Amino acid sequence: MKVDGKAFRTIWLSDDGWAVEIIDQTRLPHEFEIIRLETGIRAARAISDMEVRGAPLIGATAAYGMALAVREDASDAGVEDAHAVLLATRPTAVNLSWALDDMRALLLPLPVPDRMAAAYARAAQISDEDVAISRALGEFGAELIVRAAESKVASGKDGPVNILTHCNAGWLATVDWGTALAPIYVAFDEGIDVHVWVDETRPRNQGASLTAWELGRHGVAHTVIADNAGGHLMQHGEIDLCITGTDRTTRAGDVCNKIGTYLKALAAHDNNIPFYVALPQTTIDWTVSDGIREIPIEQRSAEEVTHISGRTDDGKIARVQLTPNGSAAANFAFDVTPARLITGLITDRGICDASEEGLLELFPEQK
Ligand code: MRU
């Protein structure tokens, strides 16, 4: 996608052909900074500190992290160490272990001198595949938005298709295009009138800072709302459909996504509003059936809850404390939305029911 007229992905190889560059997402929306990664350890820090985040982008960064690590040490021990260090960064998004296992399986059988070139080539391929997958699911999902626009017209309602999204599942969460936002970009580019309700997504505010930023850059109408506002808007007919992303999807169609997604799905169910989840096939964990019991939920620093940062009126970035000294805080980063609350899954192979049968129809090789 474009930033000030220039096309960007979220991760790319630097001009020198070996270092890796990323957009520092901890500084958005107020500053657009690029970071250069030169080692596997630094790539791991980029993931754990959330300079990059979003399940598909975490996977692509891990793949490039393996390439950077193998550049330093291509021995079996070097490959295993890099795998372990990168795997320890964040537990919930399955793309991390998927990309790391893929890289390790490719590299270990190769002669040591061939490993570095193979690692860079595979990391680039994982990134390119992610772009193609995001674009494909965007096209499938856009059909839902087109249909919602048509049914609005048929029922005599005017105005845009109002879509609620949670967290950031846009191009910043992937290599390009996004997951939940990809259908919105495709529909918008086709001339459909859309408006996005953006959940701010406490505690890290990926909605308020990242989703709002990227929608604004693309010219998509949007309104940031407090996380608790969605139910009220649904009761008053202000939301036509919800689309979120997912960090791990079980083979039964349960979806583990940013904390608060489950509450939005409950409210959508109560108000009879379609609730879709958009996902690249790389976020399906075919080994897991029961999302609530089997998916590890990341708990992050309590300071992400007790403190907040933003830009002051004089343009400085400042961090302030919200809570009284001594109050405990807990920071659960993800929750699981059971398949029964999900209208459908938008994948890069089409849209299916949120169920094992639905997923297996699109992915018969996993039977
Ligand atoms: O903690 P984050 O920012 O890495 O969380 C990931 C997300 O952005 C969302 O949960 C998203 O909906 C899924 S990733 C496309």
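Keep in mind it's a predicted model, so treat the numbers as computed, not measured. Just follow the structure's listing: the first ligand is 1, and inside any ligand the first atom is 1.
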Test item: [X] side-chain N/O and [Y] main-chain N/O as donor-acceptor pair under 3.5 Å:
X: D290; Y: R293; answer: yes
X: T201; Y: C167; answer: yes
X: W197; Y: E238; answer: yes

**Message:** Taking the basic N atoms (NZ, or NE/NH1/NH2) and the acidic carboxylate oxygens, is any pair closer than 4.0 Å for D4 and K6?
**Reply:**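 Looking at K6 together with D4, the answer is no, because their closest N to O distance does not fall below 4.0 Å.
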
**D313, CG: over 12 other non-hydrogen atoms inside 6.0 angstrom** =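 12 or below, so no.
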
**Pair F8 + F32: ring centers closer than 6.0 Å** =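 Ring centroids of F8 and F32 are less than 6.0 Å from each other.
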
**Request:** Taking only heavy atoms of the protein into account, state which residues are under 4.0 angstrom from an atom of ligand 1, in chain and number order.
**Result:**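 For ligand 1, the contacting residues are M50, R53, G54, A55, P56, R90, C167, N168, A169, A173, T179, Q206, G245, T246, D247, N257, K258, F334.
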
